[in-house]
Amino acid sequence: MNKFLVCRKMRFGAPQTALSLFSSFNLSSRSLHSLPFATVEAEAISGSQPAEVQNLVQGKWTGSSCWNTIVDPLNGEPFMKVAEVDETGIQPFVESLSRCPKHGLHNPFKDPERYLLFGDISAKAAHMLSLPKVADFFTRLIQRVAPKSYQQAFGEVYVTQKFLENFSGDQVRFLARSFGVPGNHLGQQSHGFRWPYGPVAIITPFNFPLEIPVLQLMGALYMGNKPVLKVDSKVSLVMEQMTRLLHYCGLPVEDVDFINSDGKTMNKLLLEANPRMTLFTGSSRVADKLAVDLKGRIKLEDAGFDWKILGPDVQEEDYVAWVCDQDAYACSGQKCSAQSILFMHENWSKSSLISKLKDLAERRKLEDLTIGPVLTFTTEAILEHMNKLLQIPGSKLLFGGERLKNHSIPPVYGAIKPTAIYVPVEELLKDNNYDLVTKEIFGPFQVVTEYSKEQLPLVLDALERMHTHLTAAVVSNDLHFLQEVLGKSVNGTTYAGLRARTTGAPQNHWFGPAGDPRGAGIGTPEAIKLVWSCHREIIYDFGPVPRQWEIPPST
């Protein structure tokens with residue numbers, strides 16, 4: 001996490017074109033009086049008027065003796081103050097989780113009215129997010145803390161709103177649907193139930209500050225758990241405001257704790273509070289550490305070095321190029337589903353695909369945030385990785401590879417043009433190159449390679465050796481080719497067909513990795529039940545005992 005203390009107030013000139021996005025909206029139509037839950041105005045957040053982010057524990061919003069100052073990713077001004085809890089301040093959160101029993105706040109035998117409550121909360125929250133003023137508020141708030149284009153930020157709001165619609169009314173109780181199986185004799189039946197874990201934890205990253213935490217938080221609540229939620233401090237303002245909206249829509253204030261802290265403090269909280277299950281979305285390195293610390297009581301949606309394969313059938317070049325550009329460079333490549341490597345059949349290399357992809361990448365600009373700051377890699381780190389790739393025999397720069405110009409993005413963040421590096425497939429597979437080529441760069445950066453029909457086994461071998469299996473795309477309408485690739489790959493969310501993509505998952509299908517028993521899903525009833533509940537079997541055996549029954553011999 002990049003921290004700038006108050007004593008290190010680094011100020012940079014603001015790019016007027018980018019910042020004007022946040023002041024162009026008529027403030028009078030966006031007054032706080034029209035948003036009764038809000039405590040900030042997205043457009044007003046600045047170095048001179050910083051926002052404050054609080055914690056929520058045991059039903060009360062609280063500050064902290066330690067305020068972490070977050071710098072504006074567009075101009076470096078300290079524009080947010082986050083009340084971060086340190087290791088000495090975790091006890092109220094530990095106590096709050098410890099008050100929740102293992103059988104949860106509700107389950108099929110306890111307070112089933114709460115299933116209906118959360119159906120109502122979802123309906124009200126979905127309605128709120130459907131209101132143009134509310135949708136615009138969260139869209140611009142997302143833009144402010146994790147700069148991306150208005151359309152990309154609005155996509156988060158839209159998916160979240162549709163998810164809440166999906167789980168309105170009776171849909172929450174349907175998540176707890178049970179089943180019965182006849183027993184061996186009269187009066188015996190076995191019933192399978194979905195059961196909550198009770199006290200749980202949710203840790204989510206910066207890149208989707210609304211969609212990921214809301215979908216996982218609500219899933220946890222639907223199933224009867226009590227969660228403590230931690231969002232990356234750089235963007236936690238979005239979820240703080242969303243939590244206030246949920247309270248406005250009827251969420252009991254004691255049902256969720258919201259904590260701002262660094263990773264070390266959160267790790268200590270997890271060890272002391274001992275939640276029954278933790279959902280972690282983020283880096284594979286941290287995920288593996290938590291899996292050990294928490295003795296496997298964890299579900300993961302970790303990083304993804306996501307691949308796309310273009311099959312032998314070349315068609316609709318403009319469309320395929322546009323999807324490739326969106327997958328690799330939308331949100332400045334800061335999606336766990338972003339296209340990290342493109343395997344291009346030699347038929348495509350003879351087309352105009354690369355030149356079209358280059359043209360699309362070059363039209364992205366900071367003014368409309370279709371390219372923007374990279375929040376986890378510096379410019380120097382990205383360029384250093386690029387130069388290492390260019391030392392591989394046969395590799396070359398296809399486009400990009402340069403710093404953004406005429407900006408005031410602070411040096412703690414990355415600022416680079418959309419970049420693509422070509423690496424020969426034979427070189428990619430060499431032991432001394434593979435780890436380097438498949439290193440995930442969480443930014444506007446991708447590797448491109450080419451293969452022939454005879455080299456498809458090399459491509460499949462490259463997929464087999466990857467460590468993370470989140471999203472993938474097989475762009476082809478050749479059914480035999482699709483069967484070959486799909487049958488020999490793993491990724492949990494895989495798009496297949498001419499219109500296949502790696503990013504832009506809506507709320508109507510599973511999104512999550514495969515091939516790992518710790519894998520977590522998001523969005524669907526199956527994902528919620530997998531992540532936020534476990535199976536409990538209750539066997540009813542009422543009798544009657546057979547007439548003239550006698551105690552049998554010992555066995």
- request: May I ask you to test the M466-I341 pair for a side-chain heavy-atom distance under 4.5 Å?
  value: yes
message: For the residue pair R244 and W61, would you count it as a cation-pi contact if the rule is NZ or CZ under 6.0 angstrom from the ring centre and within 45 degrees of the ring axis?
response: yes
task: Please examine the side chains of N225 and P199, heavy atoms only from C-beta on, and report whether any two atoms are closer than 4.5 Å.
output: no
message: Looking only at side-chain N and O atoms, does Y222 offer a donor or acceptor that is under 3.5 Å from a partner on S122?
response: yes
message: Please report whether the ring centroid of F445 lies less than 6.0 Å from that of H385.
response: yes
query: Do the side-chain N and O atoms of H103 and Y197 include a donor-acceptor pair separated by under 3.5 angstrom?
result: no
- request: Answer whether the closest heavy-atom distance between the side chains of V53 and K81 falls below 4.5 Å.
  value: no
- prompt: Excluding sequence neighbours, so at least two apart, what forms side-chain hydrogen bond (donor to acceptor under 3.5 Å, both in side chains) with D120?
  reply: none
message: Determine whether the aromatic ring centres of residues F193 and H535 are separated by less than 6.0 angstrom.
response: no
field: Side chain proximity check, N267 to K289, heavy atoms < 4.5 angstrom
entry: yes
statement: Tested for side chain to side chain contact (heavy atoms under 4.5 Å, CB included) against H469, the lone hit among N491, T494, L463 is N491
message: Just so I know, are the side chains of R297 and T278 near enough to count as touching, which here means a heavy-atom distance under 4.5 Å?
response: no
NZ or CZ of R465 within 45° of Y434 ring axis and under 6.0 Å: yes
- prompt: Looking at F442, is K335 sitting on its ring face, NZ or CZ under 6.0 Å from the six-membered ring centre and within 45 degrees of the normal?
  reply: no
query: Which heavy atom in P205 sits nearest to a heavy atom in V231, and how many Å separate them?
result: O-CG1, 4.1 Å
